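Here the structure is laid out as structure tokens; the discussion comes afterwards.
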Amino acid sequence: MPSTSKLLTDPFLQLPTPNSVRVVWFTEFAGSQHIVNYGENLNQSVIATTTKLSRTREDQKSRVGNQTEDGIYQQPVIRDIWRHEAEVTGITAGKRVIYSVTSVDDGGVSINSNIFTLAPAPNPGTPMKILLTSDHQIKPMVAANLQKVVETVGQVDCVWFAGDLVNISDRASEWFDDNRGNAFFPCLQGLGSYEMNWNGEKITYKGGEIIQHAPMFTCIGNHELMGRFARENSLNGEFDDTIPRDIASKLYGNESLKDNSFNSDTYEEIFTLPESTGGKTYYAVSFGDVRLVVLYATNMWRFPTTENRRKGKYEEPKEDLQNPVSWGYGQIIYEPIVKGSNQYNWLESELKSSEFQQAKYKVVMLHHPPHTLGDNIIPAYTDPVQIIERDEKGNIQNVRYEYPKDADFLIRDVIPLLEAAKVQLVFFGHSHLWNRFVSASGMHFLETSNVGNSYGAAYGSRKRDNVPVKGSDNYIEIGDPNGLEPVMPAISPMLGEDGKELPYISSNEITVFSIFDTGTGIVSSYWFDTRQVNGDVIKFDEFKLT
Ligand SMILES: [Fe+2]
């Protein structure tokens, strides 16, 4: 009987070393033999190790199979997905090798992927094109964006992804097969099929065949985290149901602390990344002329108000004041990066290492913006200060959170370290727009994540409306709260309604990507109008790392 099985993803590359690279793919069957075939005529092979994802599920909000609106799934249901990984060794820098993968399904039928190319990490001195991207979150412009990357620059050598890969990390279809055609892997593998509808004109974009050939380094964004396990009846509810570890420990004891607070298990199970004392969550890696330092710097995103009984940025909902188990505890920082923390100490020693100091290009990637016109830089990146207000009898009247700007851990503790270590580029996401900055010492800051659902720029007369009080020095409504002026794009800035040049791109029609060419040291940014399928891709900015 012919098999109807197929691979859930194409293979993709991970963790290149000077003489090896990992190949990873997924199936919906356990199968029996999972093999990478490679080399001339594909006559060499290596057997993969298979694991099963432990937390992937579908629910009411999944758009998968026949479920096109909330309905078929009534609550989160486990989805069985197997991951296969093999290490191809004994390969040589600078020489691409062809490969394909084969999985034998539960009925004994062999299923082959197409043929792609792999290579180990390049030697220093090898020019590379690196794609800088972030915040895909199954947003409307991702497929168009990645399709234009390949059409514009061809095959890239590496992808840096500054966090927020999907919206809800444990929802399997967001990674693999959302039926709108814009899931994470299909878009990065040229297998998407996302239809945009512009005033009746329908345009379908498919993404780009990128990560089959190019390794990807990612960092954790707030959307890679899930909250307390299965306490809510939906995955979105579970995502919001995050509490700090120390509170979880007080409420539930120290057993199953991850299930009772938050976890990034699905992200860590999907990717094979370099590891440090922080496991996969923060790390550093050498790739050609670049030393890339990846931080775990992201906090829980919460709404500015407590409308609809939401756990807020600035307060707890009135309905839950007597019930600390239901509090959100504000925009908690998942992993400490404050001076003296494990991550900070690790960063300090990494910046002193010879791998870092000798690298031609020193780059730091993190999710949270140190400088941006975007809204999500408010409030400051610091531990929420909880203030419980009581009446004279001691009854709780209000639970508030403040975020003192002078205690911003990134600005106060981390950035001075990076400046002293002569980092040339800090790359981040989170606010869904393009903008860049340069510090007094010449360190560049770039946010290039415009793939749809832009949240706007606090520039000109447009003020942030996510502040708790207007006119406060603690919650800045216009511009970069941390004091840098945005840099005007060097080639061709967008124009505002008043005809004046704008130092940012924040659009739900125009998408942006950036390419770092390590041969020239130039970071180039491009925009593309998704309403015009055959429109030009416009290079609008470039700057050079020196
Ligand atoms: Fe984010």
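Predicted, not measured: the structure shown is a model, and the values here were computed from it. Order of appearance sets the numbers: ligands from 1, and atoms from 1 within every ligand.
- In this structure, K313 satisfies the cation-pi test against W301, with its NZ or CZ atom closer than 6.0 Å to the six-membered ring centre and inside 45 degrees of the ring normal.
- Between the side chains of D10 and Q189, no donor-acceptor pair of N or O atoms lies under 3.5 Å.
- Our summary of the site lists the angle at the Fe ion (ligand 1) between ND1 of H430 and OD1 of N222 as 100°, to the nearest 10 degrees.
- Between H223 and F239, the ring planes are parallel. Angles under 30° get that label, and only those over 60° would be called perpendicular.
- At a cut-off of 2.8 Å, D164 coordinates the Fe ion (ligand 1) through an N, O or S atom.
- The distance from the Fe ion (ligand 1) to the nearest N/O/S atom of H368 is not under 2.8 Å.
- Classification of the Y296-Y334 ring pair by plane angle, with boundaries at 30° and 60°, yields parallel.
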